[in-house]
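Okay, structure first, notes after.
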Protein chains: 2
Amino acid sequence: MKNSTYHIFFTNLASSLRIQIISSLKERPKNVSEIVKDLNAEQSKVSHALMSLRHCNIVDVKQKGKERIYSLNKKTILPILKIIDKHAKTFCEGNCEGCGK
Amino acid sequence: MKNSTYHIFFTNLASSLRIQIISSLKERPKNVSEIVKDLNAEQSKVSHALMSLRHCNIVDVKQKGKERIYSLNKKTILPILKIIDKHAKTFCEGNCEGCGK
DNA sequence: TTTTCATATGAAGGTAATTTCATATTACTA
DNA sequence: TAGTAATATGAAATTACCTTCATATGAAAA
């Protein structure tokens with residue numbers, strides 16, 4: 001019961017950097033350099049994060065010349081984030097130690 | 001960007017033990033001893049896990065004598081798990097290194 | 001056909017999360 | 001009210017994860 005689908009999937013989402021990448025890709029598909037600029041993060045860090053997201057099919061990638069264009073699997077991710085937003089709105093108004101507010 | 005709602009929420013779900021607890025509570029509300037028996041896990045471990053889930057309002061608790069009855073916030077959790085199940089079915093048939101299959 | 005740009009990779013080190021263990025608390029019961 | 005059952009708590013130890021840094025790869029341009 002270590003590497004279940006849920007565990008890998010949620011571990012993947014339990015990273016601020018990866019969530020930031022997801023946010024950035026909501027807008028449109030982007031290459032690595034664009035994401036790096038967006039987040040003002042290190043290139044290798046972003047690459048590692050993208051690799052991880054890719055393993056879970058949270059993002060998809062295609063080559064275009066020497067660039068790689070990453071795109072978000074919106075169908076899976078957006079509804080989940082929406083549910084959590086609603087959850088937070090319902091339970092974490094004011095200050096909620098468990099929800100970062 | 002460390003303790004965002006998403007980070008705390010997903011970190012909470014990124015634990016096999018806590019996912020097992022959630023699974024167990026899908027059936028019906030249970031006290032700690034029942035959960036401990038269900039999962040064949042240590043009591044203090046389960047208590048810590050429940051505390052963590054409670055902070056995120058993933059579970060709720062009420063006292064009943066000397067027992068504490070934990071119940072699942074199904075409205076938030078079930079749809080999320082469902083989406084991931086579907087995601088896994090779509091992307092991880094056969095063997096998928098990223099999804100534990 | 002070397003240089004450069006874009007991105008990936010591996011491994012060591014650092015940080016954060018989980019487990020464990022010993023003990024505390026709280027509410028019933030004899 | 002001493003005892004016990006049920007659960008919680010704190011802190012040290014362990015494990016898992018993330019970051020960093022140095023380097024590799026691969027595609028295009030010069």
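Every chain is numbered from 1, with letters handed out A, B, ... down the list of sequences. Being a predicted model, the structure only gives us computed values, none of them experimental.
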In B/S/- notation (B base, S sugar-phosphate only, - none; protein heavy atoms under 4.0 Å), nucleotides 18-27 of chain D written 5' to 3' is SSBBB----S

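Atom CG in B/L50 sits about 11 Å away from atom C1' in D/dA8, given to the nearest Å. When rounded to the nearest whole Å, the span between CD of B/E67 and P of C/dC28 equals 10 Å. Following rounding to the nearest Å, B/H7 (NE2) and D/dC17 (C1') show an atom-to-atom distance of 10 Å. Rounded to whole angstrom, the span from the NZ atom of A/K37 across to the P atom of C/dC5 amounts to 13 Å. A/L53 has its CG atom 14 Å from the C1' atom of D/dC17, to the nearest Å.
Among residue pairs with one or both ends in residues 69-84 of chain A, those qualifying as side-chain hydrogen bond (donor to acceptor under 3.5 Å, both in side chains) are A/T76-B/H87; sequence neighbours excluded. Within the structure, salt bridge (Lys or Arg N to Asp or Glu O under 4.0 Å) contacts touching residues 10-33 of chain B (residues at least two apart or in different chains) are B/E27-B/K30, B/R28-B/E34, B/K30-B/D38. Evaluation of the salt bridge (Lys or Arg N to Asp or Glu O under 4.0 Å) test over residues 57-69 of chain B, restricted to residues two or more places apart or in two chains, returns none.
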List the steps and the verdict of side-chain hydrogen bond (donor to acceptor under 3.5 Å, both in side chains) for A/Q20 and A/S16. CA-CA 6 Å; A/Q20 282 179 275; A/S16 322; 5.9 Å; no

Begin from the C-alpha positions of A/L25 and A/I35 and carry the test side chain to side chain contact (heavy atoms under 4.5 Å, CB included) through to its verdict. CA-CA 8 Å; A/L25 291 178; A/I35 298 168; 4.1 Å; yes

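Computed from C1' positions of five pairs at each end, the angle between the two local axes of the helix from C/dT1-D/dA30 to C/dA12-D/dT19 equals 10°, rounded to 10 degrees.
Taking A/E42 as the reference, A/K45 meet the side chain to side chain contact (heavy atoms under 4.5 Å, CB included) condition, with sequence neighbours excluded. For A/S52, the side-chain hydrogen bond (donor to acceptor under 3.5 Å, both in side chains) criterion is met by A/N12, not counting sequence neighbours.
The CG atom of B/L81 lies 15.0 Å from the NZ atom of B/K86; values are rounded to the nearest 0.5 Å.
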